[in-house]
Amino acid sequence: MIKAYWIIFLSIILFTTSFAQDDRFSQLNSDNVKGYATPLVTTLGMGINSGGFHSASVAKTFGFSISLKGMMITVPNDQLTFKPSLPDGYNTDENAPTFWGEKGGSSYLGPNGYISLPGGIDEQSIPFAMPQVAVSFLGTEVMLRFIPTIKAGDEEINFFGLGVKHSVSQYIPLLPLDIAVQGIYNKVKFSDIVEGTNLAFNVHASKSFGIIALYSGLQYESSTFDLNYTIKGDPNSGDPTLRQDKDISAEVDGDNNFRFIVGGALKLALIVINADINLGSQTVFTTGLSFEF
Amino acid sequence: MRKNNKNIFIAGFFVLVFSFNGCLLDAFDTLTQELPYTYNLSISGDATTLESTATVNLDNNDFYDDNQGKINKIELVKLAYKTKEVNPENLQGNISLTIKQSNGTVIFSKSIPGNQPSLYTNNPYELSLTQQEIQLANTYLSNLSNKQLIITAMVSGLTEGPKSLEAEIFIVFEMDYDL
């Protein structure tokens, strides 16, 4: 069980520890880190802001659910490269790989010699998973996502999420479907190296047909990650900003702003299995297994 | 039966998550980086053919130095020439670069087009390396104890009289190493 617990959070740990453990970020100045890391922040945001609901029905008396949500995030081709920012005299006709792009790096020739940028990890399908617990009462549901502090080497990871959902349809008599609004806040912190804040607001609706329910929603969201790392000064670099050791603190915003969600759920007594697709800056396929009453 | 189906589903879910995370883990096993190196060459004299030599030490890069022992592969990928200063400015001569092993064995030799070094003042020229030339260099570098290359710049077809040329050679190596 402990192993499974670790694997579930592996995605978050991998992404955040990669900042601390490998050298790829130490070849990026404060401009290029944004182009390089934006697709990564988008993926983290798309994953963390997924799986917030599989029904708009909220218990009027008391309800409880514990769920495990699994996601597969697909990164589109146009987020595998970015146009680097280089000093005058350097040609940027050729794009550089982003964090998800090709493994080999890229080098640009100009008056001061070559400027080398790091390669990516060559992945376009990113798994993500997280558990969540929700309690509902009088048409309002409070959802909690939480992991206690995890040690990763000398560093610590914390993750916390809170969502509040309220039934709107309870105020509209004879409405043939359920409608609810929801707000979700998530924070992930990896020591003082990475700190990410994710916000999401959605309106969603669902309709039950026996043991099957269909649901859909529109979500506005944002993801911002503060990245702190050190440039490893290289006197051979053509970029003067990369020649000396320097601490960088960059705020990177994800491209995830809006998404459309459509899916279905199968209710088998106290067990609910759901699957949906999220269409946004990146596409997310979500499945969930919930125990609820 | 119904309980079995539920167990199979849960087991399948975890297998899926484990499998994909396994693929992702592999992606973090190694890192490939391009490392730039710069070398200065100074040529001067009265003769009609002049040359200067520099020794490329892979150790001269912190990324290389910090990861020695974890390197799986290092390869030469790019090579460029730049004129920093030439005197007289209208000096004419044919420039060639020769890359040698540390024992002096020639790996390949390339000519810079045009016979005016001033063409490349602040305007570096990237040499187009053939697959065979890259392969020859990389065969030598595939022995990770070979950490040195010798670069010789030769200018020929010069007229007699005093002249000088300051040049920079830019090289990029691609290094693959374990994290």
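Quick caveat, the model's predicted, so the values are computed rather than measured. Chain letters run A, B, ... following the sequence lines, proteins first and then strands; every chain starts at 1. Note that these values count all heavy atoms, side chains included, but never hydrogens, waters or copies made by symmetry.
- A heavy-atom distance below 4.5 Å is found between the side chains of A/D234 and B/N61.
- When B/L35, B/N122, B/V172, B/I169 are compared by the number of non-hydrogen pairs under 4.5 Å with chain A, B/V172 comes out ahead.
- A/K103 is listed as a side-chain neighbour of B/T30, based on a closest heavy-atom distance under 4.5 Å.
- Within 6.0 Å of atom CD in A/E102, 12 or fewer heavy atoms from other residues, nucleotides or ligands are found, so the atom counts as exposed in its surroundings.
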Using distance only, find each side-chain donor-acceptor pair of residues 160-168 of chain B under 3.5 Å and give its atom names and separation, not counting sequence neighbours.
{"from": "B/K163", "atom 1": "NZ", "to": "B/D46", "atom 2": "O", "distance (Å)": "3.0"}
{"from": "B/K163", "atom 1": "NZ", "to": "B/A47", "atom 2": "O", "distance (Å)": "3.1"}
{"from": "B/K163", "atom 1": "NZ", "to": "B/T159", "atom 2": "O", "distance (Å)": "2.7"}
{"from": "B/K163", "atom 1": "NZ", "to": "B/G161", "atom 2": "O", "distance (Å)": "2.5"}
{"from": "B/E166", "atom 1": "OE2", "to": "B/S42", "atom 2": "OG", "distance (Å)": "2.9"}
{"from": "B/E168", "atom 1": "OE1", "to": "B/K82", "atom 2": "NZ", "distance (Å)": "3.2"}

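- Within a 6.0 Å radius of CD in A/Q244, other residues, nucleotides and ligands contribute 12 heavy atoms or fewer.
- Closest heavy-atom contact between B/N60 and A/N236: O-ND2, 3.9 Å.
- Sequence neighbours left out, the pairs with a member in residues 110-163 of chain B that pass ring pair (Phe, Tyr, Trp, His ring centres under 6.0 Å) are B/Y120-B/Y125.
- Listed in order of number, the residues of residues 106-117 of chain A that approach chain B to under 4.5 Å between heavy atoms are A/S106, A/S107, A/L109, A/G110, A/P111, A/N112, A/G113, A/Y114, A/S116.
- Minimum interatomic distance between B/Q33 and A/Q27 (heavy atoms only, all atoms of both residues): NE2-OE1, 3.0 Å.
- Counting only residues at least two apart or on different chains, no ring pair (Phe, Tyr, Trp, His ring centres under 6.0 Å) pair has a member in residues 55-89 of chain B.
- One distance of note links CG of B/D62 with CG of A/D245; it measures 7.5 Å at 0.5 Å rounding.
- Heavy-atom neighbours of A/K83 NZ from other residues, nucleotides or ligands within 6.0 Å: above the threshold of 12.
- Both the backbone and the side chain of B/E126 come within contact range of chain A, judged by heavy atoms closer than 4.5 Å.
- Across B/P36 and A/S237, no two heavy atoms sit closer than the pair CG-CA, 4.3 Å.
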